[in-house]
Amino acid sequence: MKKFLFWTALASVALTGCVKNDVEPNPSLGQDVEITFNQPVVGKITKAHEGEISNATYPTTESFIVHAWAHEGDFDPDASPAPTVYINQQVTEHFNGSIIAAGAPGDDGDETWRINPPYYWPKTHKLTFTAYSPKEMKTYASIDAKTGIKLTDVVIGNEVNKHRDILYSNRVYNQTYPEYDFDTDNDELIGVDIQFHHALASVKVMVTALENYAPTNAITINKIWFDNVEMKGTFTEGLTLGTESLSTGSWTTPTETNNDLNLKGGDVAIDEKYPNVVQYGSTALLIPQNLDGYLNVTYTITNPNGTTQIQETKAFKLSEQTSGLTPIDKWEQSKRYTYTLTFGLNEIYLAPQVENWTPVTMSDINI
């Protein structure tokens, strides 16, 4: 049996988002412009519903948390008086136009995210925004005006098909309700951009066959899993001044080892899929970490008579894999790692040899 393990890594691109404003009067608040959000735009790598966000659109089934401070001058966490928490980690959800618009000028409300209950732009203060996704991360979250978002003791579940794409944003500073020219043929309003980053690493396994061995032989993958994977950690945005234009974030040393992170692809007859490369099981969204474990695969070979089978298991040390000539010994934040297993068979050849006759010369027989 000959096996090949190929390894590739694709760098991630941050996802982006926009904030849009609809006019929806609320005289009791002394304010009249609701804060709403456009459908966030997602970068090339990136479903923060179950699974990885994998296209350019933030899914309408997902919700994020927005947080904002109000301040009269430019944002300064050390100012006196200190910035006031104006929006305290509120859920922002998708709503359709029939709910949002209510006769508001300049926007039909399509593809809009809205805080519920609604928040409105202040008249004399600026707002500074930060955000994270999905909303379930609020269980772990705290936000400091100076150091930013902190997600404490986040636990990544063992069910890979239920992993969530955790996102955090750059801060958006000193925003006020924008002026705009109303045009009934154009529902684009001047708004606030929010740029999201991935907090986790994305890891998936692709499989293919070197040749089409069916129908005389069959290769069936039974299970692929990772061992020695750490599943719990704390994320910190790690701002120092509170006024940085870019957030990078980092994780503390993760804990809670999982030695059977099963991708749960079931039995896959790989030779029947030749020459296609297909994903096995689900994509794992994991805490960035150093690699001390193995990528493991169990597969079954079925011989031509269709009844004789042998099951084998191979293990590949993760820290020994490379991207081109570059050794990769850790999974890093906001990167997608694609491992491709190519299954090949070495045909059994026989080399028959015939032993020479041993000459035995008999003595003469006299008659």
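Not measured: the values here are computed from a predicted model. Here, residue 1 is the first one in the sequence, and each next residue gets the next number.
Among all heavy-atom pairs drawn from Ser133 and Phe64, the shortest one is CB-CB, 3.8 Å. Residues Ile328 and Leu291 approach most closely at O-CD1, 4.2 Å, considering heavy atoms. Here the closest heavy-atom approach between residue Ile287 and residue Pro254 is recorded as CG2-CB, 3.9 Å. Of all heavy-atom pairs spanning Leu241 and Glu244, the tightest one is N-OE2, 2.9 Å. Contact between His197 and Asn170 at its shortest, heavy atoms only, is NE2-OD1, 2.8 Å. Of all non-hydrogen atoms in Pro122 and Leu127, the two that sit nearest each other are CD-CD1, 3.8 Å.
Judged purely by distance below 3.5 Å, without hydrogens or angles, the side chains of Glu230 and Thr255 never pair a donor atom with an acceptor atom. Remark: the His71 side chain and the Thr128 side chain contain an N/O donor-acceptor pair separated by less than 3.5 Å. Side-chain contact, Thr152 with Thr234: no donor N or O sits under 3.5 Å from an acceptor N or O.
We find the CD1-CG distance between Ile166 and Leu200 to be 4.0 Å, quoted to the nearest 0.5 Å. Atom-to-atom distance recorded for Thr92:OG1 and Gln89:CD is 11.5 Å, nearest 0.5 angstrom. Between atom CD1 of residue Ile224 and atom CG of residue Leu341 there is a gap of 5.0 Å, rounded to the nearest 0.5 Å. If you take CG on Leu295 and OH on Tyr337, they are separated by 15.0 Å, rounding to the nearest 0.5 Å. Rounded to the nearest 0.5 angstrom, His163 NE2 and Asn161 CG are separated by 8.5 Å. Rounding to the nearest 0.5 Å places OG1 of Thr257 at 12.0 Å from NZ of Lys232.
When hydrophobic clusters are built by joining Ile, Leu, Val, Met, Phe, Trp and Tyr residues whose side-chain heavy atoms come closer than 4.5 Å, directly or via intermediates, Phe316 is grouped together with Tyr339. Under the 4.5 Å side-chain heavy-atom criterion for Ile, Leu, Val, Met, Phe, Trp and Tyr, Val268 and Leu345 are members of the same hydrophobic cluster. Placement of Leu263 and Trp225 in two distinct hydrophobic clusters is found when ILVMFWY residues are connected by side-chain heavy-atom separations under 4.5 Å, directly or transitively. There is a path of hydrophobic side-chain contacts, each under 4.5 Å, that joins Leu261 to Ile221. A single hydrophobic cluster is not seen to contain both Tyr274 and Met206; linkage of ILVMFWY side chains at heavy-atom distances under 4.5 Å, directly or through other members, places them apart.
At most 12 non-hydrogen atoms from other residues, nucleotides or ligands lie less than 6.0 angstrom from OH of Tyr294.
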| query | When you look at Phe129 and His67, which way does the side-chain contact (heavy atoms from CB on, under 4.5 Å) test go after all the steps? | reply | CA-CA 6 Å; Phe129 294 89; His67 188 87; over 6 Å; no
| Stepwise side-chain contact (heavy atoms from CB on, under 4.5 Å) test for Glu93 and Lys135 | CA-CA 9 Å; Glu93 299 174 323; Lys135 66 180 181 182; 3.7 Å; yes
| request: Using the side chain to side chain donor-acceptor pair (under 3.5 Å) rule, take Gln311 and Asn222 through it: C-alpha gap first, then chi angles, then the decisive distance, then the call. | output: CA-CA 9 Å; Gln311 189 175 77; Asn222 306 119; 3.1 Å; yes
| request: Step by step, work out the side chain to side chain donor-acceptor pair (under 3.5 Å) result for Ser202 and Thr283. | output: CA-CA 7 Å; Ser202 171; Thr283 298; 5.1 Å; no
| request: In sequence, state the C-alpha distance, the side-chain angles, and the governing distance for Met362 and Val360, and then conclude on side-chain contact (heavy atoms from CB on, under 4.5 Å). | output: CA-CA 6 Å; Met362 303 300 296; Val360 178; 4.0 Å; yes
| Stepwise, does the side-chain contact (heavy atoms from CB on, under 4.5 Å) test hold for Val85 with Ile87? | CA-CA 6 Å; Val85 174; Ile87 303 173; over 6 Å; no
| request: Report the C-alpha distance between Phe226 and Trp331 in whole Å, list the side-chain angles of each, state the deciding distance to 0.1 Å, and finish with yes or no for ring-ring contact (aromatic ring centres under 6.0 Å, His included). | output: CA-CA 13 Å; Phe226 294 96; Trp331 291 329; 5.6 Å; yes
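Considering only heavy atoms from C-beta on, Tyr213 comes within 4.5 Å of Ile219 through its side chain. Using a 4.5 Å heavy-atom threshold, the side chains of Met231 and Asn158 count as touching. Inter-residue side-chain proximity for Ile65 and Met137 is flagged as unmet; no heavy-atom pair is nearer than 4.5 Å. Residues Glu136 and Thr139 form no side-chain contact, since every pair of their non-hydrogen atoms from C-beta on lies 4.5 Å or further apart. Under the 4.5 Å side-chain criterion, counting only non-hydrogen atoms from C-beta, Ile149 is not in contact with Asp144. Annotation: side chain of Ile301 is in contact with side chain of Glu312 (closest heavy-atom distance under 4.5 Å). Between Gln289 and Val229, some side-chain heavy-atom pair lies under the 4.5 Å cut-off. A heavy-atom distance below 4.5 Å is not found between the side chains of Ser169 and Tyr132.
In summary, Lys330 and Asp292 do not engage in a salt bridge, as defined by a charged side-chain N under 4.0 Å from a carboxylate O. Taking 4.0 Å as the cut-off between side-chain N and carboxylate O, Lys126 and Asp74 count as a salt-bridged pair.
Checked against salt bridge (charged side-chain N to carboxylate O under 4.0 Å, His left out), Lys204 has no partners two or more places apart in sequence or in another chain.
The main-chain N or O of Val203 is never found under 3.5 Å from a side-chain atom of Arg336 such that the two would form a donor-acceptor pair.
A cation-pi geometry, defined here as NZ or CZ lying under 6.0 Å from the six-membered ring centre and within 45° of its normal, does not hold between Lys123 and Trp121.
Evaluated for a side chain to side chain contact (heavy atoms under 4.5 Å, CB included) with Thr130, the options Tyr173, Trp69, Tyr168 yield exactly one hit, Trp69.
Sorted by first and then second residue, the side-chain hydrogen bond (donor to acceptor under 3.5 Å, both in side chains) pairs involving residues 354-366 (not counting sequence neighbours) form an empty list.
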